[in-house]
Amino acid sequence: MSNTNNDSSDIDKAAAQADSQKIAENLEETKEVNKPESLSEEEQTPFIEDDLRTDK
């Protein structure tokens with residue numbers, strides 16, 4: 001691999017393409033954020049099944 005010295009890392013590429021306006025926009029507190037969907041009754045399963053608990 002003789003071209004390794006010519007390759008820039010992903011970090012270098014990302015830094016070169018960074019858009020300061022977009023970064024500032026992404027840091028705004030009021031930015032709309034995707035909220036997780038509510039789970040249905042069926043989907044809401046506990047991590048530990050109650051009948052298997054030994055700490056009761």
Side-chain angles (χ1 to χ4, degrees):
M1 291 208 302
S2 62
N3 67 347
T4 348
N5 295 339
N6 298 338
D7 289 342
S8 58
S9 72
D10 289 344
I11 295 170
D12 291 336
K13 289 177 188 168
Q17 294 171 0
D19 179 351
S20 59
Q21 276 191 309
K22 188 72 175 164
I23 293 169
E25 187 182 306
N26 287 340
L27 291 173
E28 284 180 22
E29 291 292 326
T30 57
K31 185 177 165 223
E32 185 75 22
V33 176
N34 292 333
K35 292 184 176 66
E37 293 178 23
S38 296
L39 295 176
S40 72
E41 191 72 36
E42 230 174 62
E43 293 169 323
Q44 290 186 4
T45 57
F47 287 102
I48 301 171
E49 289 186 38
D50 251 6
D51 2 335
L52 301 178
R53 290 180 59 178
T54 57
D55 61 336
K56 286 183 172 182

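Below, each value reflects all heavy atoms present in this structure, side chains not excepted, and no hydrogens, waters or symmetry copies. Quick caveat, the model's predicted, so the values are computed rather than measured.
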Separation of Gln44 CD from Ser38 OG (nearest 0.5 Å): 8.0 Å
Applying side-chain contact (heavy atoms from CB on, under 4.5 Å) to Ile23 and Asp19, what does each step give before you reach the verdict? CA-CA 6 Å; Ile23 293 169; Asp19 179 351; 5.8 Å; no
Residues, nucleotides or ligands: over 12 heavy atoms within 6.0 Å of Leu39 CG: yes
Does the Glu43 side chain pair with the main chain of Ser40, one donor and one acceptor, at a distance under 3.5 Å? yes
Starting at CZ of Arg53, measure out to CG of Asp51 and round the result to the nearest 0.5 Å. 11.0 Å
